[in-house]
Protein chains: 2
Amino acid sequence: MNIGEIARRAGVSRSTVSYALSGKRTVSAETRHRIQAVIDELDYRPNAAARALKEGRTRTLGLVIPPASLRLTDMQLRFVASVVEAAARADFDVLLSPSGGDHDRSFERIVTGRRVDGVILMEIRLEDERVNRLERTGLPFVTIGHTANPGRTWWVDLDYAALVARCVHHLADLGHRRIALINRSTELVAAGYGPAQRALAGFTEAVHERGLTGVDLCCGDDPASGEACLEQLLDRHPDVTAITTVNEAALHGVQRGLDRAHLVVPRDLSIAGVVAPHWAEDFRPPLTAADVPTEMGGHAVDLLLERIATPDAPPRHLLLRPPVSLRSSTGPAPTR
Amino acid sequence: MNIGEIARRAGVSRSTVSYALSGKRTVSAETRHRIQAVIDELDYRPNAAARALKEGRTRTLGLVIPPASLRLTDMQLRFVASVVEAAARADFDVLLSPSGGDHDRSFERIVTGRRVDGVILMEIRLEDERVNRLERTGLPFVTIGHTANPGRTWWVDLDYAALVARCVHHLADLGHRRIALINRSTELVAAGYGPAQRALAGFTEAVHERGLTGVDLCCGDDPASGEACLEQLLDRHPDVTAITTVNEAALHGVQRGLDRAHLVVPRDLSIAGVVAPHWAEDFRPPLTAADVPTEMGGHAVDLLLERIATPDAPPRHLLLRPPVSLRSSTGPAPTR
DNA sequence: TTGTAGGCGTTATCAC
DNA sequence: GTGATAACGCCTACAA
């Protein structure tokens, strides 16, 4: 089924059908209706490939996700869902590419085969070869997280430094003097993974500013690591009275560790984190946390569409700093 | 950058470049190398839209996911990741469409605009309009889960009935006489959602076969519902000594409920489920469970590629029945 | 208000 | 072993 067939059956030329569809020139009401009737009858829709070839754009966005072999965190997956949803609202489709490093076949196909009008890149490293690759091709892209020199590129990110700092200040205000940070994994920190590094930076600075004692721990993205991490903390730093964390995935393990140590939150220990609302609400007691917004994917899509529309516009960034929602996991420091 | 430009620079015709790339006719080693040199230099890759237009296929698969507004379960998200990964291995890209009902713009675009060579449909209802829609268009598709008349379509599914039955038998063998099923939500059961209905059917039959007393409960896909559900169970049916569940997402809540009631698993209560390995291993104690395989997405992709390659082949199905992994959450029924 | 025709970048048929 | 050329289905300048 193609436009020529519609034209034939409606007794008009192909261009008339095309114009009736696009509205880019006036078509008499009568012809328009006749054409529409045929279209409805045959359930015709223009061939996307032909249109893309002619127009030079695909109405498709590429979303580069970490390879599934590294099990995606809940936060990453929610992000994917929100991107797809936001794109659909703008009548864009989303093409997924699971590629970690560069030189990935699927990444190359998407980037250089003109399969997409723009790309969203997740899980950015401070030095990221894929960013260079995209800059060279000239394909519009937006990153989630930013690289070492963030001025040149378009990105949306969470201000982990500020958010962790806020948690620290909140805990300090409650009288806590010894605070621990449960960060992401050692490997991520070593690999130059921005969120982990900035969380640490914000923690260190706030702790220093308030004259507190800080302990920072790396922790894998899973409950078992969380439990181990908490045990280690209680063992080596028993005088810590508050914890701040950016590691959602470890949270259940942390909770288990607390239960096993018979610690009552917030009586014995306060916790504040940077965490998605549903994780915070699933914690017992509900976790005081900077609520990671669900609409980050939507912001990324908005930025990307804007960049596609105005390729020469100066780079725009979005550094999100959601407020800390006070729940029940933080309280006055225990007086010993 | 297009094939003509490559041809010009290599001093050959466009067809020669095309054949050098595809290998569909012999090209002398010398010309081949000359062409390859130019391609490497300019980092040329064929335009996907042009190729799709000419070949009539896109090397892209569509994956229809539930709209993000209904928060995707961990199992669904893992499934998406595995599909993308498997498709990438076969050099196929994946286009995502978040569409619940029919008449969805994004669904229509994908199905009828020839944007994809085939579709994978998740979250099938026993009566599913999207399946009818796809059958009418003739686009190859594979469903995860099956409809009321499964003979006609291609699908891969988990044999929930058999798996739940196995759990029941295992518990019966351990001496349990009163067993509860924690199923998915009331809404899903009411909507004719296959897994929930078959889990119930398998449960009911096995319970009957062994002459047991069965209690079946619906439970929302989240920890809070799990906790509420367990409380209700303990309250109304205090004589139940074993639970079987297909509701991963409620598991943490169930655990919390058990803790609050000071019940020790498996001493006071045994639990066996149909659950992904990482959920089972995160439970305390580790959960005896039929391990939902991670490669379901891969199977779906294999089936779909096969169907695309041989459109007239008779329907194939895959009803997976992974073994129950014995962990530590099941034990002899308590003697009172 | 409508029709004609050329071209987007590829692949494949035909000819040499 | 290689080159010219005709499609694939759409959009849009140009012509009427």
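Model, not experiment: these values are computed from the prediction. In the text below, chain A, chain B and the rest are named by the order of the sequence lines, each starting its count at 1.
Contact annotation: the side chain of B:Tyr44 never approaches that of B:Glu5 to less than 4.5 Å [non-hydrogen atoms, C-beta and beyond].
When the side-chain nitrogen and oxygen atoms of A:Ser13 are compared with OP1 and OP2 of C:dT4, none of them lie within a distance under 4.0 Å. Look at A:Thr26 and you'll find a side-chain N or O under 4.0 angstrom from OP1 or OP2 of C:dT1. In this model, the phosphate group of C:dG9 is approached by a side-chain N or O of B:Asn2 to a distance below 4.0 Å at OP1 or OP2.
The environment of A:Glu55 atom CD is dense: over 12 non-hydrogen atoms of other residues, nucleotides or ligands sit within 6.0 angstrom. No more than 12 heavy-atom neighbours from other residues, nucleotides or ligands sit within 6.0 angstrom of CZ on B:Arg114.
Between B:Ser97 and B:Ser99, the shortest heavy-atom distance links the atoms OG-OG, 2.6 Å. Across all non-hydrogen atoms, the minimal contact from A:Ala90 to A:Leu305 is CB-CD1, 3.6 Å.
Using a 4.0 Å heavy-atom cutoff across all strands shown, B:Ser22 reaches no nucleic acid atom at all. The residue A:Ser28 sits close only to the backbone: its heavy atoms come under 4.0 Å of sugar-phosphate atoms, none of a base.
A donor-acceptor contact under 3.5 angstrom links the side chains of B:Ser28 and B:Thr31, judged on distance only. No donor-acceptor contact under 3.5 angstrom links the side chains of B:Glu187 and B:Tyr193, judged on distance only.
The CZ-C1' distance, from A:Arg57 to C:dC8, rounds to 15 Å in whole Å. Look at CZ on B:Arg14: it is 12 Å from C1' on C:dA12, rounded to the nearest Å. Straight-line distance from the NZ atom of A:Lys24 to the C1' atom of C:dT1: 19 Å, rounded to whole Å. Taking atom CG of residue B:Asn47 and atom C1' of nucleotide C:dC8, one finds them 8 Å apart after rounding to whole Å. In this structure, A:Glu55 places its CD atom 14 Å from C1' of C:dG7, rounding to the nearest Å. Put simply, CG on B:Leu21 is 16 Å from P on C:dG9, counting in whole angstrom units. Across the protein-nucleic acid pair, B:Ile3 atom CD1 and C:dT11 atom C1' stand 8 Å apart, rounded to whole Å.
Annotation: of the two residues near DNA chain D, B:Lys54 and A:Lys54, the 5′-most nearest-nucleotide partner is B:Lys54. Comparing B:Ala49 and B:Arg25 against DNA chain C, the residue whose closest nucleotide sits nearer the 5' end is B:Ala49. Closest-nucleotide positions on DNA chain C for B:Tyr19 and A:Ala50 were compared, and the one nearer the 5' end corresponds to A:Ala50.
Running 5' to 3' along DNA chain D, contacts with non-hydrogen atoms of chain A at under 4.0 Å begin and end at D:dG9 to D:dC14.
One cannot find a donor-acceptor pair under 3.5 Å joining the base of C:dT13 and the side-chain atoms of B:Ser15.
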